[in-house]
Asker: 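Please find one structure pasted underneath; my questions will follow.
Proteins come first, then strands; the chains are lettered A, B, ... in the order of their sequence lines, and each starts at number 1.
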Amino acid sequence: MPSPRYWREVPNRFRLEAAKCRACGKVVFPARRICPACRKSDFEPTALSWRGKVVTSTSVVVAPTDFAQQAPYAVAVIETPEGARLMAQVVDCDPATVVPGTDVRLMFRKITQEGHGGILCYGFKGVPAA
Amino acid sequence: MREVAIVAAGMTRFGELWESSLRDLFAEAASEALTSAKADRLDSIYVGNMAAGQFVGQEHLGPLMADHLGMAGVASVRVECACASGGAALRSAFLEVASGASDLVLAAGVEKMTDGADATEVLATAADQELEAYHGITFPGLYAMIARAHAKAHGTTDEDMAWVSVKNHKHGALNPKAQFRREVTVAEVLGSSMVADPLRLLQCSPVSDGAAAVLLCPLDQAKKYTDRPVKIRASVLATSTMALADRKDPSFLDAVKLSADRAYKAADLKPSDVHVVEVHDCFAIAEICCIEALGLVEVGKGRHAAREGLTALGGKIPVNTSGGLKSKGHPVGATGIAQAIEIFEQLRGEAGARQVKNARIGLAQNMGGSGASSVVHILERV
Amino acid sequence: MAGIVGYGAYIPRYRIKSEEIARQWGKDAGAIQRGLLLEEKSVPGLDEDTITISVAAGRSALARARIEPRRIGAVYIGSESHPYAVKPSGTVLVDALGIAPEVHVADFEFACKAGTEAMFVALGLVESGRVEYAMGIGADTSQGAPNDALEFSASAGGAAYIFGKEDLLAEVLETYSYTSDTPDFWRREGEFYPRHGGRFTGEPAYFKHVLSATRGILKKTGLGPADFRYAVFHMPNGKFPLQAAKELGFKKEQTETGWIVNKMGNTYSGSSPTGLAAILDVASPGDKILITSFGSGAGSDSFVLRATKALPERRGLAPTVRSMLDGPRHYLTYGEYAKFRGKIILGSER
């Protein structure tokens, strides 16, 4: 992963920074220039809560090379209390237990690393709340 | 806008074609189309291809393919829309002829997937890189999430999805150009290895090489090339949000519905007017979702269609008589064109053992990524 | 007077039992458990490292401190398993916790003492008035070589401490450090596993420094073991800290709360700091607490602390050490453990 492309995403990946459209109230995560709901460009900064509920999920068995050692792992679409949705792995559990409705906490974890010499990439993952 | 016809088609076999390179595949399919039309010139070429740059390190396909067709000098450009690249290339070709700008345009699709690149990684570039691929989701993983959401909303089971594979393999066994020409059973499908829960290997389309091409011209010039032209009544592309997390309902493919509704409107037709359909069954769940979004069955009822024979050859609305992506194969950029060719042959009575009797109106639906794009073509025998 | 305004700890959910490690190498599990007093240890997930552990512990410390992250003027992470050889762990943390950019950051290293070292420096900066708040963290995901004694104890976890001058949870009454050049345990650049001097790590290393530092701070403060409600020592295994406590005159009731090594293993730079967190989770206002760390190489840092009235109110704002030790956890087979710890040679590294 080229460093600038990773570094640019730090605010949303490290701190769940999002944007709230001043015109229509939609919470956009990650922040964008143009609101996908009303197409205006006037936002106020906000951040998501570090928790949410699984909307849908799967268990990835055949994984990309960089993730192969972690397979099988659960990936889910998670909705936070602000109404924003994000995609993240859900770990520290049997992937089969991650199903629609599962409550999760979001935690700061290492997402991937590029072999022995590349940079380490961090971000958010879910952990079952129970 | 002028009316446009497809007058010829050419297609390689789909499969692991070790002897053929990317350019070989294109030349084979394109020249078959030109030969059958006895055409010796072209005004323009559109090459549908998703990822030649990643699979074989080759960009700039437009001039490369024109050159290898012996047509250096002709306008030629690559069209990319992930797995809908073929359909998008067909739409671009249609617009160029319909607008009056050109009189003879080749719409082709090609993909070479078996030269050593990691297909899982390359295909994942059709997903949102920063929001989805970054977290380790795979393409089958996205559809597995759609399947789970569909199961939650409508009770769709693993077995319902297995029946889609069974039906499509039954069709594919009758298709000389299909990658897999053997039938499979529900037990085999459900016993195949897990790729991303709940999708198993035999519910996922394969990695394939292949190319397909069709020749378009104004309807009023079609007789020069064939006595059985097929008219394009609608050519529509719609998009949806890129990330699955941003879809209102992850179990519903709204780009498919949008492209279908616009196509029916443009053609002044209803779903019940269509006699034969090719849909984008990249994964078994996709066929179920697509036939719902196309309005061929009620939302939530798509899960029964394959098992009950509704969408089989001989059924009320045959879907994927070619074998679909599952059995015919899915060389990504070629698929959209191959679907159009199946409908083209059905409408001309050339589908052999797969022939749907009296098929007069057909629909081909091609989809990109996890449903972020969808192209629908409605064709009619004239 | 300066002291702790916030603290937090983090222990990963994965575990491996000593029995399972012994089974792998054909060793006598019972003898090991009796000899080292280790039942099981924590194992970091494939997605966990010193940085992610520090962030989790740091987040809990901020929750208990109830201060705006940007008021922290210095952050130090001490570890012997920083994820990068060159590029700080601390910079990732200050961006993750919203402490950046007006902050001084440095990574520390001194075998298992790097945590208390970071705490010492953080405390000193606050005392000097140079910064309003400073955070010192000890966290590790250290390795034990296969079939070596250290494989039974080397584990993962960490604790974070925010120092300030107001609204303290615990006052720091005194510090004392004792250091010498003693090559009892080391790792050369590029080596995957550390090496150690066997029995040399005992008396001339661990005991000499732990005892000297503790006696030093007792002398400096004029206090005796009986003045303390709690004491915690670095825990390389279950036996050493109990032996040190006994030699110094501390009783079991004083050491049992902080003695968490039997279930956690040795979290190296996180060891005594996490033991301290376990004590802060239950200490009563006015209780005096002693902590003495040990880092091979070698040195010990001692602190004398006193719990304040505010501690019982604020400690509920983040998870306790006990909740992480006794809460949801997953036991691994040796094969899974080896995979998690990168002990298996893989074919497809790029």
Side-chain angles (χ1 to χ4, degrees), chain A residues 1 5-6 8-10 12-13 26 28-30 32 36-37 52 54-80 83-91 94-101 109-112 121-126, chain B residues 54 117-125 127-154 156 192-201 203-204 207 239-252 283 285 370 372:
Chain A
M1 163 102 20
R5 201 178 124 201
Y6 165 72
R8 201 174 291 125
E9 304 299 323
V10 156
N12 74 75
R13 287 183 183 152
K26 183 168 169 74
V28 178
F29 178 78
R32 296 187 187 193
V54 172
V55 173
T56 184
S57 60
T58 184
S59 193
V60 174
V61 177
V62 176
T65 311
D66 283 343
F67 292 84
Q69 294 309 311
Q70 300 170 46
Y73 49 89
V75 183
V77 171
I78 296 165
E79 186 165 315
T80 70
R85 288 186 178 174
L86 48 85
M87 184 170 285
Q89 286 186 26
V90 179
V91 292
D94 176 357
T97 61
V98 180
V99 293
R109 290 290 173 94
K110 184 169 66 177
I111 303 296
T112 189
C121 300
Y122 295 90
F124 48 80
K125 289 194 186 186
Chain B
Q54 295 182 75
D118 184 331
T120 303
E121 299 208 9
V122 175
L123 292 175
T125 60
D128 189 311
Q129 288 310 289
E130 308 302 351
L131 306 187
E132 300 183 319
Y134 180 73
H135 291 279
I137 196 59
T138 56
F139 206 51
L142 289 170
Y143 276 93
M145 290 206 225
I146 291 173
R148 211 173 255 191
H150 203 271
K152 180 160 193 272
H154 307 298
T156 306
S192 61
S193 57
M194 190 67 82
V195 176
D197 200 325
L199 294 177
R200 294 177 180 273
L201 192 62
Q203 289 160 328
C204 303
V207 164
T239 58
S240 177
T241 60
M242 183 69 166
L244 191 63
D246 290 334
R247 305 270 168 80
K248 288 191 183 53
D249 174 359
S251 72
F252 187 73
F283 301 93
I285 184 63
S370 66

Asker: As a quick check of understanding, evaluate side-chain hydrogen bond (donor to acceptor under 3.5 Å, both in side chains) for A:Thr58 and B:Arg148, giving each step before the final call.
Answerer: CA-CA 7 Å; A:Thr58 184; B:Arg148 211 173 255 191; 5.2 Å; no
Asker: Is chain B contacted by the side chain of A:Leu86, its backbone, both, or neither, given a heavy-atom distance below 4.5 Å?
Answerer: backbone
Asker: Please state whether the side chain, the backbone, both or neither of A:Phe124 comes within less than 4.5 Å of a heavy atom of chain B.
Answerer: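 Both backbone and side chain of A:Phe124 come within 4.5 Å of chain B.
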Asker: Which bit of B:Ala149 is near chain A, if near means a heavy-atom gap under 4.5 Å: side chain, backbone, both or neither?
Answerer: both
Asker: Does any heavy atom of chain A fall under 4.5 Å from the side chain of B:Leu201, the backbone, both, or neither of them?
Answerer: neither
Asker: Where is the tightest heavy-atom contact between A:Arg85 and B:Pro250, given as atom of each residue plus distance?
Answerer: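 It is NH1-CD, 4.0 Å.
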Asker: Please classify the contact between A:Val54 and chain B as side chain, backbone, both or neither, with a heavy-atom cut-off of under 4.5 Å.
Answerer: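 For A:Val54, neither part sits under 4.5 Å from chain B.
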Asker: Would you compute the distance between atom NE2 of B:His135 and atom OH of A:Tyr73 and round it to the nearest 0.5 angstrom?
Answerer: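 Result: 11.5 Å between the selected atoms.
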Asker: Mind listing the closest non-hydrogen atom pair of A:Pro64 and B:Thr138 along with its distance?
Answerer: CD-CG2, 3.5 Å
Asker: Between A:Pro100 and B:Lys152, which heavy-atom pair has the shortest distance, and what is it?
Answerer: CB-CD, 3.3 Å
Asker: With a 4.5 angstrom heavy-atom cut-off, could you sort out which part of A:Ala74 is near chain B: side chain, backbone, both or neither?
Answerer: neither
Asker: Between B:Asp246 and A:Lys26 (salt bridge meaning N to carboxylate O under 4.0 Å), is one present in this structure?
Answerer: no
Asker: Quick one: which of A:Glu9, A:Glu79, A:Lys125, A:Arg5 has the most heavy-atom pairs under 4.5 Å with chain B, could you say?
Answerer: A:Arg5
Asker: I want to check something: taking the side chain as every heavy atom from C-beta on, are A:Val61 and B:Val195 in contact at a cut-off of under 4.5 Å?
Answerer: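 They are not in contact (no side-chain heavy atoms under 4.5 Å apart), so the answer is no.
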Asker: How about B:Asp118 and A:Thr65: does a side-chain donor come under 3.5 Å of a side-chain acceptor?
Answerer: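 Side-chain D/A pair, B:Asp118 to A:Thr65: present.
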Asker: Hey, which of B:Met194, B:Glu130, B:Glu132 has the most heavy atom pairs under 4.5 Å with chain A?
Answerer: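 Greatest number of close heavy-atom pairs with chain A: B:Glu130.
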Asker: Just to verify, what does A:Tyr122 make a ring-ring contact (aromatic ring centres under 6.0 Å, His included) with, not counting sequence neighbours?
Answerer: A:Phe108
Asker: Looking at side-chain heavy atoms only, is the closest gap between A:Thr56 and B:Ile146 below 4.5 Å?
Answerer: no
Asker: In chain order, what residues pass the side-chain hydrogen bond (donor to acceptor under 3.5 Å, both in side chains) check against B:Arg200, with sequence neighbours excluded?
Answerer: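 Here no residue qualifies.
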Asker: Closest heavy-atom contact between B:Tyr134 and A:Cys121?
Answerer: OH-CB, 3.2 Å
Asker: Rounded to the nearest 0.5 Å, what's the gap from OG on A:Ser59 to CG on B:Leu199? Could you check?
Answerer: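 So the gap between those two atoms works out to 11.5 Å.
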Asker: Could you walk me through whether B:Leu142 and A:Met87 pass side chain to side chain contact (heavy atoms under 4.5 Å, CB included), step by step?
Answerer: CA-CA 10 Å; B:Leu142 289 170; A:Met87 184 170 285; 3.6 Å; yes
